[in-house]
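Below: the structure, in structure tokens.
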Amino acid sequence: MGDEAMERIAAAKVILFGVGGVGSWCAESLVRTGIRQLTIVDSDRVAVSNINRQLMATTETVGRVKVEALKERLLTINPHAEITAIENIFTEETANEFHLDDYDYIIDAIDSLSDKMLLIEMACRTKAKFFSSMGAALKMDPTRIQVAEFWKVKGDPLARALRNKFKRAKRFPAKKFQCVFSDELLTNKGVDDGSESLLFNKVQVNGSIAHITAIFGFTLAGLVIKSTLDKVPSARS
């Protein structure tokens with residue numbers, strides 16, 4: 001890629017919201033590719049049910065704060081990286097604490113519909129480049145994973161729900177942004193009668209699998225790197 005490209009990557013400031021199945025792999029790829037200034041945000045702790053798909057989730061990290069476990073791993077990749085781990089969640093009450101204008105890239109890998117909508121609105125009002133992950137659950141086919149502008153995403157229930165929510169509120173993102181998504185939607189075979197899951201005693205658990213969440217996360221990271229390289233013409237020739 002060349003020295004100038006690597007210097008730009010190292011200088012980029014990135015904030016990533018959500019370090020679960022998608023976000024944890026995104027963080028790994030960013031740091032391995034040379035991102036040094038990364039803020040990771042998540043309020044959860046590692047659970048046994050995370051082990052099938054989340055990078056830092058192992059039998060040894062169950063119970064630990066996710067961002068702290070992930071930070072520890074990322075620093076073994078690059079001890080000189082500046083990893084800021086924030087054990088919190090992006091909500092209407094906390095949104096202003098994150099100072100989104102300070103970043104070059106904002107990445108959304110959160111699940112909550114209302115919080116996701118708010119992050120989209122606020123991120124799109126900044127100078128930062130913004131990328132968002134749509135739903136990665138109930139997917140199996142890696143060839144169906146795609147990238148499209150938010151309003152052109154097709155076949156994804158989460159994107160559809162977000163668009164409907166924006167339309168009902170008569171509020172819209174201030175700029176266009178790219179999303180990672182898949183138009184595949186499989187049947188949830190872990191649900192018995194449609195009202196109660198066989199696992200974890202929840203109303204419904206929509207299963208995810210590591211190769212899908214990892215590709216989503218790697219693709220988000222790839223969009224950041226591509227955007228950085230696009231500013232260095234010689235890096236892509």
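Residues meeting the ring pair (Phe, Tyr, Trp, His ring centres under 6.0 Å) test with Phe17, sequence neighbours left out: Phe90, Phe98.
Using a 4.5 Å heavy-atom cutoff, the side chains of Asn88 and Glu97 are in contact. Side-chain contact check for Ser227 versus Leu223: every heavy-atom pair is 4.5 Å or farther apart. The closest side-chain heavy-atom distance from Asp104 to Lys127 is below 4.5 Å. With a 4.5 Å cut-off on side-chain heavy atoms, Thr61 and Asn50 do not count as touching. When side chains are defined from C-beta on, Asp183 counts as touching Gln146, because their heavy atoms get closer than 4.5 Å. Residues Val224 and Lys129 form no side-chain contact, since every pair of their non-hydrogen atoms from C-beta on lies 4.5 Å or further apart. Between Asp44 and Val19 there is no side-chain heavy-atom pair separated by less than 4.5 Å. Here the side chains of Phe130 and Phe150 are not in contact, with every heavy-atom distance at 4.5 Å or above.
A donor-acceptor distance shorter than 3.5 angstrom exists from the side chain of Trp25 to the backbone of Arg53, with no hydrogens or angles considered. Counting only distance, with no hydrogens or angles, the side chain of Arg163 and the backbone of Val153 share a donor-acceptor pair below 3.5 Å. Between the side chain of Gln37 and the backbone N or O of Ala11 there is at least one donor-acceptor pair closer than 3.5 Å. Remark: side-chain polar atoms of Thr91 are paired, donor with acceptor, to backbone N or O of Thr94 under 3.5 angstrom. For the pair Lys116 (side chain) and Ser133 (backbone), a donor-acceptor distance under 3.5 Å is present. Panel note: side chain Asp141, backbone Glu184; no donor-acceptor pair is recorded below 3.5 Å. Proximity of a side-chain donor or acceptor of Gln54 to a complementary backbone N or O of Met56 within less than 3.5 Å is not detected. No donor-acceptor distance shorter than 3.5 angstrom exists from the side chain of Asp42 to the backbone of Gly18, with no hydrogens or angles considered. Without hydrogens or angle criteria, His211 side chain to Met140 main chain gives a donor-acceptor distance under 3.5 Å. Formation of a donor-acceptor pair under 3.5 Å by the Glu82 side chain with backbone atoms of Leu38 is not found in this model.
Taking hydrophobic clusters as Ile, Leu, Val, Met, Phe, Trp and Tyr residues chained together by side-chain heavy-atom distances below 4.5 Å, Leu158 does not share a cluster with Ile89. Met1 is connected to Val14 through a chain of hydrophobic side-chain contacts under 4.5 Å among Ile, Leu, Val, Met, Phe, Trp and Tyr, so both are in one cluster.
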Q) Passes salt bridge (charged side-chain N to carboxylate O under 4.0 Å, His left out), Lys226 versus Asp230? Steps please. A) CA-CA 6 Å; Lys226 178 181 181 298; Asp230 284 343; 3.2 Å; yes
**Request:** Begin with the C-alpha distance, continue with both residues' side-chain angles, and end with the deciding distance and a verdict on salt bridge (charged side-chain N to carboxylate O under 4.0 Å, His left out) for Arg64 and Glu68.
**Result:** CA-CA 7 Å; Arg64 291 192 59 190; Glu68 292 296 340; 5.6 Å; no
Inset, instruction - Applying salt bridge (charged side-chain N to carboxylate O under 4.0 Å, His left out), run through Glu28 and Arg73 and close with a yes or a no. - result: CA-CA 9 Å; Glu28 171 103 350; Arg73 176 180 172 88; 2.8 Å; yes
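Applying the 6.0 Å contact sphere to NZ of Lys71 captures more than 12 heavy atoms from other residues, nucleotides or ligands. Within a 6.0 Å radius of CG in Asp3, other residues, nucleotides and ligands contribute 12 heavy atoms or fewer. At most 12 non-hydrogen atoms from other residues, nucleotides or ligands lie less than 6.0 angstrom from NZ of Lys152. The local environment of NZ in Lys176 is sparse, with at most 12 non-hydrogen atoms from other residues, nucleotides or ligands closer than 6.0 Å. By the 6.0 Å contact criterion, NZ on Lys154 is open, its count of non-hydrogen atoms from other residues, nucleotides or ligands being 12 or less.
Nearest heavy atoms, Ser132 versus Phe177: CB-CE1, 3.9 Å. A pairwise comparison of heavy atoms in Cys26 and Ile107 identifies SG-CD1, 3.8 Å as the closest pair. Between Leu74 and Ala27 the shortest heavy-atom distance is CD2-O, 3.8 Å.
Checking Val41, Asp108, Ile40 one by one against Ile15, the side-chain contact (heavy atoms from CB on, under 4.5 Å) holds for a single residue, Val41.
The aromatic rings of Phe131 and Tyr105 lie parallel to each other, with less than 30° between the two planes, well short of the 60° mark.
Thr58 and Glu60 share no side-chain donor-acceptor pair at under 3.5 Å.
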